[in-house]
Amino acid sequence: MKGATGERARPRWVLLGVGVAAGFIAGLFGVGGGIFIAPGLMLLGGFRQRVAHGTSLATSALFAAAGLVAYALNDSVDAVAGALIFAGSAVGVLAGVELLDRVRIRTLQVAFVVLLAVTAGRMLAGTADAAGELSLSVAVAFGLAGCGVLVGLVAGLMGVGGGVIVVPALVILFEMGDVAAKGTSLSVVLPTAVVGTLRNLRNDNVDLRGALVIGAGGMLSAFGGGMLAGVIPSSVSSGLFAGLLIVIALRMIRDLLRESADPHDRSPPPPRRQR
């Protein structure tokens with residue numbers, strides 16, 4: 001497939017299946033879907049770690065666009081808060097993408113498992129419902145931008161849109177309603193994923209054709225998930241999401257243990273290409 005050297009063609013039904021599942025998750029939970037796409041591409045599609053993360057981030061942009069339409073139709077997007085978070089994430093994602101080619105594969109895998117575990121814990125813990133709108137001040141604006149920097153780092157380094165940080169941050173720290181937080185999250189995920197993907201293309205860490213196939217499979221389900229988000233109880237969706245993350249994390253831990261003797265995992269990251 002085109003965009004990442006050395007990647008052989010994958011069965012399209014595998015990519016379509018990953019796309020449908022990840023798209024639904026993206027729309028339902030206000031995330032880019034990368035937290036499912038990246039491990040899905042590695043475990044089911046046989047993608048290399050860095051290309052899986054880069055392709056995941058590219059696909060997150062497509063899912064975020066589809067999910068964002070659904071939330072916008074329900075008037076559940078805070079454009080000002082989204083713009084402030086993106087102001088920070090645009091810087092953070094560039095740094096994260098550059099780190100992607102410098103971090104050891106084993107380190108990247110462990111970090112991703114930790115991210116899965118932390119996110120699952122947050123979803124199981126739950127949050128109190130907050131219906132109030134965001135009250136903007138100078139302190140809040142800087143807080144949103146600072147949150148954005150962290151979002152960008154996670155997006156660029158781990159191939160996720162960053163919604164796993166944006167949603168809980170908006171709900172817990174800024175007391176935004178759950179549905180509005182998810183819609184606003186997608187408004188940040190979309191441009192952040194685009195910026196990171198453009199840089200990943202320069203580093204040859206994206207399978208463009210794979211991303212398009214996954215996106216084709218999941219954009220409709222992302223829209224459907226976004227429409228469903230305002231209907232189902234928050235506690236139910238959170239519990240299901242946490243369970244999914246735990247399953248993925250355990251599967252990745254098992255593979256890490258099996259591959260512990262592989263010399264490739266202990267090797268330094270590949271040399272950067274001359275530009």
For this session: Treat each ILVMFWY residue as a node, draw an edge where side-chain heavy atoms are under 4.5 Å apart, and state whether Leu16 and Ile214 are in one component.
Result: yes
For this session: List, by chain and then residue number, the residues other than Val138 in its hydrophobic cluster (Ile/Leu/Val/Met/Phe/Trp/Tyr, side-chain heavy atoms under 4.5 Å); write none if there are no others.
Result: Phe142
Exercise. So, does Thr55 use its side chain to make a donor-acceptor pair with the main chain of Ala52 at under 3.5 Å?
Worked result: no
For this session: For the residue pair Leu136 and Leu84, establish whether any side-chain heavy-atom pair is separated by less than 4.5 Å.
Result: yes
Exercise. Can you list the steps and then say if Ile232 with Leu28 is a side-chain contact (heavy atoms from CB on, under 4.5 Å)?
Worked result: CA-CA 10 Å; Ile232 65 174; Leu28 183 62; 3.7 Å; yes
Seminar exercise, completed: Sequence neighbours excluded, the answer for side chain to side chain donor-acceptor pair (under 3.5 Å) partners of Ser89 is Thr192
Exercise. Just wondering, do Val31 and Val166 contact through their side chains at under 4.5 Å, heavy atoms?
Worked result: no
Problem set entry | Under the side-chain contact (heavy atoms from CB on, under 4.5 Å) test, residues paired with Leu173 that sit two or more places apart | Ala169
For this session: Among Asp78, Asp178, Thr184, find the residue that satisfies the side chain to side chain contact (heavy atoms under 4.5 Å, CB included) test when tested with Leu170.
Result: Thr184
For this session: Output, in order, the C-alpha distance, side-chain angles, deciding distance and verdict of side-chain contact (heavy atoms from CB on, under 4.5 Å) for Val167 and Phe29.
Result: CA-CA 8 Å; Val167 175; Phe29 300 108; over 6 Å; no
For this session: List for me each residue that meets side-chain contact (heavy atoms from CB on, under 4.5 Å) alongside Ala180, sequence neighbours excluded, and say none if there are none.
Result: Met176
For this session: Please report the shortest heavy-atom distance between Gly27 and Ala229, naming the atom on each side.
Result: O-CB, 4.3 Å
Exercise. Rounded to the nearest 0.5 Å, what separation is found between the CG atom of Asn200 and the NE2 atom of His53?
Worked result: 11.0 Å
Problem set entry | ILVMFWY network linking Val91 to Val189, side-chain heavy atoms under 4.5 angstrom | no
For this session: Evaluate the side-chain contact (heavy atoms from CB on, under 4.5 Å) criterion for residues Leu186 and Phe63: first the C-alpha distance (whole Å), next the side-chain angles of each, then the deciding distance (0.1 Å), finally the verdict.
Result: CA-CA 9 Å; Leu186 290 178; Phe63 290 166; over 6 Å; no
For this session: Hydrophobic side-chain clustering at under 4.5 Å (ILVMFWY, transitive links): who's grouped with Phe223? Put none if nobody.
Result: Val69, Leu73, Met227
For this session: Just grab all the salt bridge (Lys or Arg N to Asp or Glu O under 4.0 Å) pairs involving residues 61-74, residues at least two apart or on different chains.
Result: none
For this session: Identify the two heavy atoms, one from Gly30 and one from Tyr71, that lie closest to each other, and give their separation to 0.1 Å.
Result: N-OH, 4.0 Å
For this session: List the atom of Leu62, the atom of Gly215, and the distance in Å for their closest heavy-atom pair.
Result: CD1-CA, 3.7 Å
Exercise. Listed by chain and number, what are the side-chain contact (heavy atoms from CB on, under 4.5 Å) partners of Val195, not counting sequence neighbours?
Worked result: Phe86, Val93, Leu94
Exercise. Does Leu68 reach the side chain of Val77, with side-chain heavy atoms less than 4.5 Å apart?
Worked result: yes
For this session: Following the transitive rule for hydrophobic clusters with a side-chain heavy-atom cut-off under 4.5 Å over Ile, Leu, Val, Met, Phe, Trp and Tyr, establish whether Val188 and Leu153 coincide in one cluster.
Result: no
Exercise. Is Leu220 isolated, or which residues cluster with it under the ILVMFWY side-chain rule of less than 4.5 Å, directly or via members?
Worked result: none
Problem set entry | Nearest-0.5 Å distance, CG of residue Leu144 to CD1 of residue Ile85 | 5.0 Å
Exercise. Okay, side chain of Ser76, backbone of Val179: is any donor-acceptor separation there less than 3.5 Å?
Worked result: no
Exercise. Any link between Val149 and Leu99 through a network of hydrophobic side chains (Ile, Leu, Val, Met, Phe, Trp, Tyr) touching at under 4.5 Å?
Worked result: no
Exercise. Do Arg209 and Leu212 have side chains that get closer than 4.5 Å, going by heavy atoms?
Worked result: no
Check: residues 37-46 side-chain donor-acceptor pairs under 3.5 Å, at least two apart:
none

Exercise. For Ala145, what residues pass the side-chain contact (heavy atoms from CB on, under 4.5 Å) criterion, not counting sequence neighbours?
Worked result: none
